[in-house]
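Let me begin by presenting the structure, written as structure tokens, before commenting on it.
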There are 2 protein chains.
Amino acid sequence: MSPNQILQSLIAEQLVSDPASARGRLLNEAARLFRDKGYERTTVRDLAAAVGIQSGSLFHHFRTKEEILKAVMVETIRLNTALMQAAADRAESPRDKLKALVRAELESINGQTGEAMAVLVYEWRSLSEASRAQVLELREIYEGLWLSVLESLSDTGQLQAEPFVVRRMLTGALSWTVTWYKPERGGLTLDGLTEQVMAMMGL
Amino acid sequence: MSPNQILQSLIAEQLVSDPASARGRLLNEAARLFRDKGYERTTVRDLAAAVGIQSGSLFHHFRTKEEILKAVMVETIRLNTALMQAAADRAESPRDKLKALVRAELESINGQTGEAMAVLVYEWRSLSEASRAQVLELREIYEGLWLSVLESLSDTGQLQAEPFVVRRMLTGALSWTVTWYKPERGGLTLDGLTEQVMAMMGL
DNA sequence: GACAATACCAAGCAAGCGCTTGGTTTGTAA
DNA sequence: TTACAAACCAAGCGCTTGCTTGGTATTGTC
């Protein structure tokens, strides 16, 4: 299954919004604005202007501004969990599964869904307690995927450090790439970056 | 020189504020509030209440709210540059220098200056263009320290990946520890964490 | 072509924001 | 004691914020 096919099937299941729909376009613009200016600095007027409607009209689609943030996060995790699952399934050995996960997450962070991924990492403080719990629940599924692969690597002796520590180091290292990795200028490709990450772990 | 002696000499040089002074106490509280709630969600009334004065009185010490954020960042970088320098000087081999830097940065992130370090990493979007340039200038000195150590490791063949890529991966991985590392519960000490980082790099 | 339901607009409210103002207290030194 | 600056208070201004309201197009369905 290609990334696009995965997206399509999630849309069909109504788990993520069609980017072509009004809701989907808003969420995309919201992700971009939230990443660029931060959630708090982004006003409902900014959001409305980005999709060409009046600020009040937003509240026909979402009850509160925070609900928009939550929707961005929830849909992003859903999509990425599916993408990671597919990437891991495509590989055979634990080592190749990990490499596939690293590559897929780098692609999520630095590709089209990058805005939303950055929001997911850096804006969770802006969520209410209730929303945070909801997002965290989905995130645990996502993290479980990583942990099972890292644990199988640990079982075969290819990984010395504790899987959960390694995952957290990777989370930080990979998500931080969004602040500096610019594929266009400089010769480092996503594959090259993936290789460096694997080499850093002696794999 | 102990960390405390370094702090004292920086205070004497007026490069950082005495934590016992009115200004120093405000900056400490500001760092804590900015980390916990984010810069935008922290109001001048919050800041004033934290040090027991009226909100208007803040503007006797700082011209704007943003100036408080800038001061937190500038003083934090100054202190940490000195701390890293001292840590690196204490070690002999490039490998030990790197380990000392990792250990020192983990301590900065997860110790007393942790609040301010988190602000430095996660709130730079809230800075104005002008302040950002100023902070970036100081940050380059700090990063230069790391790079020189990593380059010497690269020269001796102990490091395969590009130094600047490694540094950026480390920046992400180490600063991310602030979101999950809790020394009190769970047996992982700062030394243990440092070891895991070094092991992750095959060092 | 009637009729909802959906999507949107125009206007503005209440609350909270950063910051200013004019005046008072406190600390210090001659 | 006087003089003066630094530190602070009480009040509130002007603006922006998230969100509401009442009404109007637009769309889909039979």
Side-chain angles (χ1 to χ4, degrees), chain A residues 11 14 17-73 119 123-132, chain B residues 11 14 17-73 119 123-132:
Chain A
I11 292 170
Q14 306 221 40
S17 312
D18 188 337
S21 73
R23 181 186 161 99
R25 264 184 302 122
L26 174 66
L27 291 182
N28 274 341
E29 292 295 329
R32 193 177 53 81
L33 285 166
F34 289 164
R35 187 197 59 174
D36 291 348
K37 321 209 303 174
Y39 172 78
E40 294 292 335
R41 294 181 92 89
T42 304
T43 70
V44 292
R45 287 164 181 79
D46 291 335
L47 291 169
V51 292
I53 60 174
Q54 292 294 106
S55 69
S57 307
L58 276 185
F59 296 89
H60 175 75
H61 300 280
F62 297 90
R63 270 177 309 172
T64 64
K65 181 189 171 190
E66 195 226 342
E67 204 172 80
I68 299 175
L69 177 61
K70 193 178 82 177
V72 167
M73 294 188 169
V119 170
E123 296 295 341
W124 72 276
R125 256 182 334 193
S126 298
L127 282 179
S128 69
E129 202 78 25
S131 305
R132 213 177 294 184
Chain B
I11 292 170
Q14 305 222 37
S17 313
D18 189 337
S21 73
R23 182 187 160 97
R25 263 184 303 120
L26 174 65
L27 290 183
N28 273 341
E29 292 294 330
R32 194 178 52 81
L33 284 166
F34 289 164
R35 189 198 59 174
D36 291 349
K37 321 205 308 175
Y39 172 78
E40 294 291 335
R41 295 181 89 91
T42 304
T43 70
V44 293
R45 287 163 180 81
D46 291 335
L47 292 169
V51 291
I53 61 175
Q54 291 294 106
S55 68
S57 307
L58 274 185
F59 296 90
H60 176 75
H61 301 279
F62 296 90
R63 271 177 309 173
T64 63
K65 180 189 170 189
E66 196 227 342
E67 205 173 79
I68 299 175
L69 177 62
K70 193 178 82 178
V72 169
M73 293 188 170
V119 170
E123 297 293 342
W124 71 277
R125 255 182 335 192
S126 298
L127 282 179
S128 70
E129 202 77 26
S131 304
R132 213 177 294 184

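All chains are named by letter (A, B, ...) in the order of the sequence lines, taking the proteins before the strands, and each is independently numbered beginning at 1. Every heavy atom of this structure was used, including side-chain atoms; hydrogens, water molecules and symmetry mates were not.
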Heavy-atom closest contact (B:E40 atom, B:S126 atom, distance): OE2-OG, 4.0 Å
Heavy-atom pair with the smallest gap, counting every atom of A:L33 and A:L47: CD1-CD2, 3.9 Å
Intra- and interstrand pairs of DNA chain D - dot-bracket, Watson-Crick/G-U under 3.5 Å, | marks other strand: ||||||||||||||||||||||||||||||
Heavy-atom neighbours of B:R41 CZ exceed 12 at 6.0 Å: yes
Touch class at under 4.0 angstrom, heavy-atom based, for A:T64 against every strand present: sugar-phosphate
Sugar-phosphate, base or nothing in reach of B:T43, heavy atoms under 4.0 Å: sugar-phosphate
Starting at [atom1] of [X] and ending at [atom2] of [N], how long is that distance when rounded to a whole Å?
{"X": "B:R45", "N": "C:dC17", "atom1": "CZ", "atom2": "P", "value": "6 Å"}
{"X": "A:R63", "N": "D:dC19", "atom1": "CZ", "atom2": "P", "value": "11 Å"}
{"X": "A:R23", "N": "C:dT6", "atom1": "CZ", "atom2": "C1'", "value": "15 Å"}
{"X": "A:H61", "N": "C:dA5", "atom1": "NE2", "atom2": "C1'", "value": "14 Å"}
{"X": "A:L47", "N": "D:dT17", "atom1": "CG", "atom2": "P", "value": "11 Å"}
{"X": "B:L58", "N": "C:dC17", "atom1": "CG", "atom2": "C1'", "value": "14 Å"}
{"X": "B:F62", "N": "D:dA7", "atom1": "CZ", "atom2": "C1'", "value": "14 Å"}
{"X": "B:I53", "N": "C:dT24", "atom1": "CD1", "atom2": "P", "value": "20 Å"}

Main-chain N/O of B:R35 paired with A:R125 side-chain donor or acceptor, under 3.5 Å: yes
Heavy-atom donor-acceptor pair, B:R132 side chain to B:L127 backbone, under 3.5 Å: yes
Any A:H60 side-chain N or O less than 4.0 Å from OP1/OP2 of C:dA7: yes
Presence of A:S57 side-chain N/O under 4.0 Å of C:dC9 phosphate oxygens OP1/OP2: yes
Over-ring placement of A:K65 relative to A:Y39, 6.0 Å and 45° cut-offs: yes
Ion pair A:E29/A:R32, N-O distance below 4.0 Å: yes
